[in-house]
Every structure is written in C-alpha cells, then in structure tokens.
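Order of the sequence lines fixes the chain letters, A, B, ..., with proteins taken first and strands second; residue numbering starts at 1 for each chain.
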Amino acid sequence: EVQLVESGGGLVQPGGSLRLSCAASGFTFRTYWMSWVRQAPGKGLEWVANIKEDGSDKYYVDSVKGRFTISRDNAKNSLYLLMNSLRAEDTAVYYCAREVRLGAARPFDYWGQGTLLTVSS
Amino acid sequence: EVVLTQSPGTLSLSPGERVTLSCRASQSMSSTYLAWYQQRPGQAPRLLIYGGSSRAAGIPDRFSGSGSETDFTLTISRLDPEDFAVYYCQQYGRSPLTFGGGTTVEI
C-alpha cells in the first residue's frame with residue numbers, strides 16, 4: 001500500500017526556519033517525481049515545488065523561490081522541504097504528493113495527510 | 001503562468017442531480033495536462049480525472065471529464081451523498097503547476 005506521511009510542522013516565528021519531511025513507503029520512491037502542495041486555512045490548493053526522480057531538477061512557485069529548498073534522499077525513501085525566512089502567508093497545511101507518469105500526463109495520484117505549519121509571533 | 005478559473009464558486013444541489021463544473025485556462029493548453037481532484041472536509045485531495053478525460057483507478061464512472069484548449073469540464077452524472085465536496089482542476093503541463101480556486105458542491 002502506498003503511504004506518504006508528512007512530519008515536522010509546527011509553530012514558527014516570522015523569519016524562522018523549519019524542515020518538513022515526508023516518509024514514503026509501498027512503492028519504488030526513486031522512480032517518481034515528488035511535489036509539495038500547500039493549503040492555507042480555508043483556502044485552495046497551491047503547488048509549492050517538485051523534484052525529479054534523482055533530485056537533479058527542482059522547480060518552485062515564485063513566492064517561495066530563494067527561501068524554500070526541496071530535496072530527497074532516495075536511500076531513505078524521504079522527501080524534504082527546507083523553509084527559511086518564513087512569513088505569515090506561508091501558514092498552511094503542507095502535503096507531499098506523488099507524481100505518476102501516465103503517458104504524457106503526470107498528475108498527483110497519492111497524497112499524504114498533511115502537516116500544519118503556522119507562522120506567527 | 002497558466003491561471004485556471006473555476007466556476008461557479010459554490011453549487012447547492014441534491015443527491016441524484018447532474019452537475020457540470022467549469023475550469024477555464026488563461027491560455028490554450030492540451031487536455032493531456034489537465035486533472036481534476038476531489039477534496040472532502042478534513043481530507044487530502046483525491047485524483048479523479050487526468051489527461052482531461054481519463055478516470056483514475058477506482059473512480060466511479062459517474063465522473064467524466066472533457067474539454068479542450070481553454071475550456072474544460074467535470075461532469076458528475078448523478079450526485080451521490082459522498083460527492084459533496086470541493087473540486088479542483090489542475091494543469092501540470094507548464095511550470096509553475098497551478099490549481100483552480102475550487103468549486104464547492106454542497107447539499
């Protein structure tokens with residue numbers, strides 16, 4: 001069974017840092033692109049970043065470029081999101097999601113349950 | 001950036017009704033790169049449709065997707081009580097990947 005379990009969320013002061021983790025199991029992690037998606041309280045979904053199977057390519061939404069870093073450890077079946085210079089507007093539930101290749105399509109077929117980050121003084 | 005605009009924002013319907021949700025893209029795109037997700041309260045999103053019209057594994061055939069270029073739709077042929085949720089479209093053809101703002105289907 002495919003499982004994605006996020007951890008590392010919590011309360012952080014503005015300007016602070018935090019690292020989120022996502023533990024993957026039930027599939028060959030090193031063969032999938034992975035993404036982070038966030039959802040502010042009561043709001044819609046926002047894609048944050050993704051990373052290629054071997055970690056060689058990474059992409060970010062403009063609002064987090066230069067502040068967030070996505071990475072992975074294929075030996076540990078884990079995905080990470082290092083977040084620096086946190087702002088109140090980064091407050092959200094952060095989901096990790098698996099990107100599945102279906103022909104030319106690459107939608108998100110499995111999602112974790114999310115971890116809540118609150119940025120507040 | 002491809003902006004996706006979903007309409008309407010909220011729909012109030014009854015079980016058994018047919019519903020069509022709209023997703024309009026700010027620029028022409030291939031339906032290959034369009035997906036739909038369902039999110040129930042307190043849950044993670046669930047993939048319903050990918051490639052514009054292909055149902056994901058385990059998704060009932062009352063869900064269907066269609067569209068091309070800038071206009072895409074998700075149709076639920078007969079609403080089941082478990083279908084009352086928020087629905088999002090997503091494009092994954094161009095970075096940044098983007099989601100629509102969502103449509104809430106409520107009783």
Relative to chain B, which of L102(A), D62(A), D109(A) shows the most heavy atom pairs under 4.5 Å? L102(A)
Please say yes or no: joined through hydrophobic side-chain contacts below 4.5 Å, possibly via intermediate residues, are F68(A) and L116(A) part of one cluster? yes
For E17(B), does the CD atom sit with more than 12 other heavy atoms under 6.0 Å from it, leaving out its own atoms? yes
Can you check side-chain contact (heavy atoms from CB on, under 4.5 Å) on W47(A) and S95(B), steps first, answer last? CA-CA 10 Å; W47(A) 173 79; S95(B) 191; 3.8 Å; yes
Counting heavy atoms not belonging to R67(A), are there more than 12 under 6.0 Å from its CZ? yes
Taking atom types as modelled, find out whether Q43(B) and Q113(A) have a side-chain donor-acceptor pair closer than 3.5 angstrom. no
Ring geometry between Y37(B) and W111(A) (parallel below 30°, tilted from 30 to 60°, perpendicular above 60°): perpendicular
Over all heavy atoms of both residues, which pair between T32(B) and A105(A) is shortest? Give the atoms and the distance, please. O-CB, 3.5 Å
Select one option (side chain, backbone, both, neither) describing which atoms of A35(B) are under 4.5 Å from chain A's heavy atoms. side chain
Under 4.5 Å between side-chain heavy atoms, counting indirect links through other Ile/Leu/Val/Met/Phe/Trp/Tyr residues: same cluster for L81(A) and V64(A) or not? yes
With hydrophobic residues grouped by side-chain heavy-atom distances under 4.5 Å, do V2(A) and I59(B) end up in a single group? yes
Among E1(B), R46(B), Q39(B), which residue has the highest count of heavy-atom pairs closer than 4.5 Å to chain A? Q39(B)
At a heavy-atom separation under 4.5 Å, does Q91(B) approach chain A through its side chain, its backbone, both, or neither? neither
Give, for atom CG of L97(B) and atom CD of E99(A), the distance between the pair rounded to the nearest 0.5 Å. 6.0 Å
Less than 4.5 Å to any heavy atom of chain B: does that hold for the side chain of F108(A), its backbone, both, or neither? both
Given side chains that start at C-beta, do those of P45(B) and L45(A) come closer than 4.5 Å, heavy atoms only? yes
Is there a side-chain contact between P107(A) and Y92(B) in this structure, where contact means two heavy atoms from C-beta onward sitting under 4.5 Å apart? yes
Transitive ILVMFWY side-chain link M34(A) to V5(A), under 4.5 Å: no
side-chain contact (heavy atoms from CB on, under 4.5 Å) for V37(A) and F99(B)? Distances and angles first, verdict last. CA-CA 10 Å; V37(A) 177; F99(B) 290 89; 4.0 Å; yes
Min side-chain heavy-atom separation V100(A)-Y50(B) under 4.5 Å: no
If two hydrophobic side chains count as joined below 4.5 Å and joins carry through other members, does V48(A) share a cluster with V12(A)? yes
Does atom NZ (K58(A)) have a neighbourhood of more than 12 heavy atoms from anything else shown, all under 6.0 Å? yes
Taking atom CZ of R30(A) as the centre, report whether more than 12 heavy atoms of other residues, nucleotides or ligands fall under 6.0 Å from it. no
